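First comes the structure, then the notes that go with it.
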Number of protein chains: 2
Amino acid sequence: MKAWQEIQLQALQTNDSEHQLFQTIVSLAAELDFDYCAYGLRLVLPLNNPKIVKTSNYPTAWQAQYQAKNYCAVDPTIKHALCSTLPILWTDGLFASTAEFWEEAHSFGLRYGWAQSMRDVHSATGMLTLARSDEPLSETELAAKAFKMAWLTQNAHIALSRRLLPKLLPEADTKLSNREIAVLRWTADGKTSGEIASIMKITERTVNFHINNAATKLNAANKTSAAVKAAMLGFL
Amino acid sequence: MKAWQEIQLQALQTNDSEHQLFQTIVSLAAELDFDYCAYGLRLVLPLNNPKIVKTSNYPTAWQAQYQAKNYCAVDPTIKHALCSTLPILWTDGLFASTAEFWEEAHSFGLRYGWAQSMRDVHSATGMLTLARSDEPLSETELAAKAFKMAWLTQNAHIALSRRLLPKLLPEADTKLSNREIAVLRWTADGKTSGEIASIMKITERTVNFHINNAATKLNAANKTSAAVKAAMLGFL
DNA sequence: ATATAAGCTGTCAATATTGACAGTTGTTAG
DNA sequence: CTAACAACTGTCAATATTGACAGCTTATAT
């Protein structure tokens with residue numbers, strides 16, 4: 001079990017690629033008796049059509065099928081992950097309204113599984129799924145493995161999102177100046193430029209100047225988008 | 001160790017008060033050999049001056065001191081919690097620039113400790129701190145207890161924030177209509193009312209109508225604030 | 001010394017927003 | 001049947017925003 005105690009350092013301090021890191025996660029999953037393992041990352045932005053990336057050791061044919069049929073939009077575990085960070089067990093009830101999806105998954109050997117998600121300071125959501133073909137998953141087993149699941153979800157997300165985020169969401173690397181942050185904070189709280197000018201004892205012109213600079217840096221079309229992006233990415 | 005496997009059900013399904021729940025957490029902390037235990041919840045809104053509530057079994061005098069001197073604004077563990085969900089260990093280095101704070105904590109018996117935070121779908125941040133007076137905290141001990149810490153942080157936050165959030169942030173209970181959500185999403189992505197009208201094939205007047213209704217529900221002064229609130233609270 | 005960045009300010013015209021007036025239609029739950 | 005609600009539309013005036021012009025000061029890093 002040494003690996004469990006070392007992965008955190010490894011995951012965060014080494015220069016391992018996403019692929020290498022994911023292999024480490026796969027082997028930790030195997031130690032928990034799960035052959036299959038999947039990590040999904042969903043960014044928040046843009047709010048219409050947010051980006052999702054997936055990595056798994058599922059059968060290639062199933063990965064292709066999932067992608068082709070856009071099962072992301074249907075998958076009840078993803079729905080759950082987006083509104084709760086509690087672990088969710090694959091049960092017939094959960095998949096009741098998505099029978100086709102559930103049967104196809106079965107046909108690829110994905111039968112018993114569970115998933116847990118977390119959200120980070122950039123509002124990105126990471127979901128880790130552990131699954132297998134043969135052995136049913138009892139409540140007892142879940143309870144016994146819940147600690148490691150919580151930990152693995154966290155660390156998998158931290159390690160993988162660190163590597164994926166800069167590529168997928170360049171705005172996350174933006175540096176805002178102190179003034180830009182202050183002005184955007186008040187903006188996000190619903191103040192007009194004029195009100196912010198009074199509060200900060202500067203000209204309205206200057207307020208708009210800072211907002212505009214921030215919006216440019218954040219690749220935002222206007223101040224509403226700039227405020228939302230800055231808030232969601234944790235800059236405020 | 002039965003308690004560990006049962007707290008999740010208990011925390012989520014019972015009608016226990018915050019106080020009772022916190023006592024459960026205290027006893028789980030004790031099983032991990034920590035006498036002291038603190039849970040802090042920080043809401044995001046308003047972005048200027050966000051609300052923070054704390055619960056702990058720290059000496060009453062220290063709690064009062066912490067509050068009186070507004071140590072929230074200084075505490076390096078809070079700073080860390082707001083930008084990372086990794087556990088953080090109380091070290092002299094961490095408190096190097098806040099010597100007075102650190103020494104006072106010592107004088108109340110708070111010497112060895114660590115903390116971990118998480119963020120939920122409402123963008124609220126929860127931080128759990130475990131501490132004690134006597135026994136130093138080795139890296140080995142941390143590594144061995146990291147799983148339970150991750151789990152406890154999650155469950156403490158889920159259970160306590162469920163009870164605290166409605167009181168502290170009434171907007172979190174708002175129900176937005178489908179149209180309001182759609183319009184706010186496009187707004188948050190930086191579209192003007194006119195553009196949204198084209199996209200959704202409705203009048204600009206109707207777009208503004210929906211935005212205005214959503215802003216009223218969300219207690220927002222204007223559409224920027226409405227978009228930020230809705231996005232941060234996970235409605236979009 | 002000099003470049004770079006942050007911070008600050010001015011004006012003007014074109015657009016966008018908000019607020020307050022007043023309505024219609026269709027669906028759903030009691 | 002009726003109340004409640006979501007969705008939709010109209011006009012008009014007062015405010016707010018954005019974009020494009022141009023320029024100053026101060027601090028920090030090379």
Side-chain angles (χ1 to χ4, degrees), chain A residues 46-48 170-236, chain B residues 46-48 97 170-233 235-236:
Chain A
L47 285 154
N48 284 281
E171 291 96 324
D173 275 338
T174 306
K175 287 278 169 215
L176 295 178
S177 73
N178 292 336
R179 280 319 228 190
E180 284 160 358
I181 291 172
V183 165
L184 276 187
R185 252 191 212 148
W186 288 115
T187 301
D189 276 342
K191 304 295 181 194
T192 65
S193 302
E195 289 167 333
I196 299 171
S198 309
I199 293 168
M200 294 179 65
K201 300 191 200 321
I202 52 179
T203 317
E204 189 175 337
R205 177 64 190 84
T206 305
V207 172
N208 288 329
F209 169 79
H210 288 307
I211 292 176
N212 188 57
N213 288 343
T216 305
K217 286 186 187 177
L218 290 167
N219 231 294
N222 55 36
K223 76 169 184 173
T224 298
S225 171
V228 169
K229 278 193 174 183
M232 293 300 270
L233 296 178
F235 294 139
L236 307 190
Chain B
L47 285 154
N48 284 282
S97 56
E171 290 97 323
D173 275 338
T174 306
K175 286 278 170 216
L176 295 178
S177 74
N178 292 337
R179 281 315 228 191
E180 284 160 358
I181 290 171
V183 165
L184 276 187
R185 252 191 211 147
W186 287 116
T187 301
D189 276 342
K191 304 294 182 196
T192 66
S193 302
E195 289 167 334
I196 300 171
S198 309
I199 293 168
M200 294 179 66
K201 301 193 201 320
I202 52 180
T203 318
E204 188 176 336
R205 176 65 189 83
T206 306
V207 173
N208 288 329
F209 169 80
H210 288 307
I211 293 175
N212 187 57
N213 287 344
T216 305
K217 286 186 187 177
L218 291 166
N219 232 295
N222 56 37
K223 76 168 184 173
T224 298
S225 170
V228 170
K229 277 193 175 184
M232 293 300 270
L233 296 178
F235 294 138
L236 308 189

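Each chain gets a letter, A, B and so on, in the order the sequences are listed, and its residues count up from 1. Computed from a predicted model, the values in this text were never measured in an experiment.
Side-chain contact between Leu47(A) and Val228(A) is present, with at least one heavy-atom pair separated by less than 4.5 Å. Side-chain contact between Ile202(B) and Arg179(B) is present, with at least one heavy-atom pair separated by less than 4.5 Å.
Shortest non-hydrogen contact noted between Leu218(B) and Glu171(B) is O-CG, 3.3 Å.
Rounded to a whole Å, the CD atom of Glu204(B) is 13 Å from the C1' atom of dT11(D). Summarising the geometry, the separation between CD1 on Ile196(B) and C1' on dC8(D) is reported as 16 Å, rounded to the nearest angstrom. One atom, CD1 of Ile202(B), and another, P of dA6(D), lie 15 Å apart when rounded to the nearest Å. Counting to the nearest Å, the P atom of dT28(D) and the CG atom of Asn178(A) are 13 Å from each other.
For dA6(C), neither phosphate oxygen OP1 nor OP2 lies less than 4.0 angstrom from any side-chain nitrogen or oxygen of His210(A). The phosphate of dT9(D) has OP1 or OP2 within less than 4.0 Å of a side-chain N or O from Thr203(B). Ser193(A) has a side-chain polar atom (N or O) that falls below the 4.0 Å cut-off from OP1 or OP2 of dT17(D).
You'll find that the side chain of Ser177(A) is closest to dA6(C), out of dG10(C), dA6(C), dT9(D).
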Q: Take Thr174(B) and Leu233(B) through the test side-chain contact (heavy atoms from CB on, under 4.5 Å) and record every step on the way to the result.
A: CA-CA 10 Å; Thr174(B) 306; Leu233(B) 296 178; over 6 Å; no

Q: Give the C-alpha distance, both sets of side-chain angles, the deciding distance and a yes or no for side-chain contact (heavy atoms from CB on, under 4.5 Å) between Trp186(B) and Val207(B).
A: CA-CA 10 Å; Trp186(B) 287 116; Val207(B) 173; over 6 Å; no

Q: Take Asn208(A) and Glu204(A) through the side-chain contact (heavy atoms from CB on, under 4.5 Å) test and state the conclusion after the steps.
A: CA-CA 6 Å; Asn208(A) 288 329; Glu204(A) 189 175 337; 4.1 Å; yes

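Within a 6.0 Å sphere centred on NZ of Lys191(A), other residues, nucleotides and ligands contribute 12 heavy atoms or fewer.
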Nucleotide N/O of nucleotides 18-22 of chain D paired with protein N/O under 3.5 Å:
unit_1: dT18(D); atom_1: OP2; unit_2: Lys223(A); atom_2: N; d: 2.9

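Judged by distance alone, the side chain of Lys223(A) and the main-chain N or O of Ile211(A) form no donor-acceptor pair under 3.5 Å.
Note that NZ of Lys229(A) and OG1 of Thr224(A) are 13.0 Å apart. Values are rounded to the nearest 0.5 Å.
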Q) So what is the 5' to 3' dot-bracket string for DNA chain D, if pairs are Watson-Crick or G-U wobble with both distances under 3.5 Å, crossing pairs use [ ] and | means the partner sits on another strand? A) ||||||||||||||||||||||||||||||

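Heavy-atom nearest nucleotides on DNA chain D were determined for Gly194(A) and for Met200(B), and the one closer to the 5' end corresponds to Met200(B).
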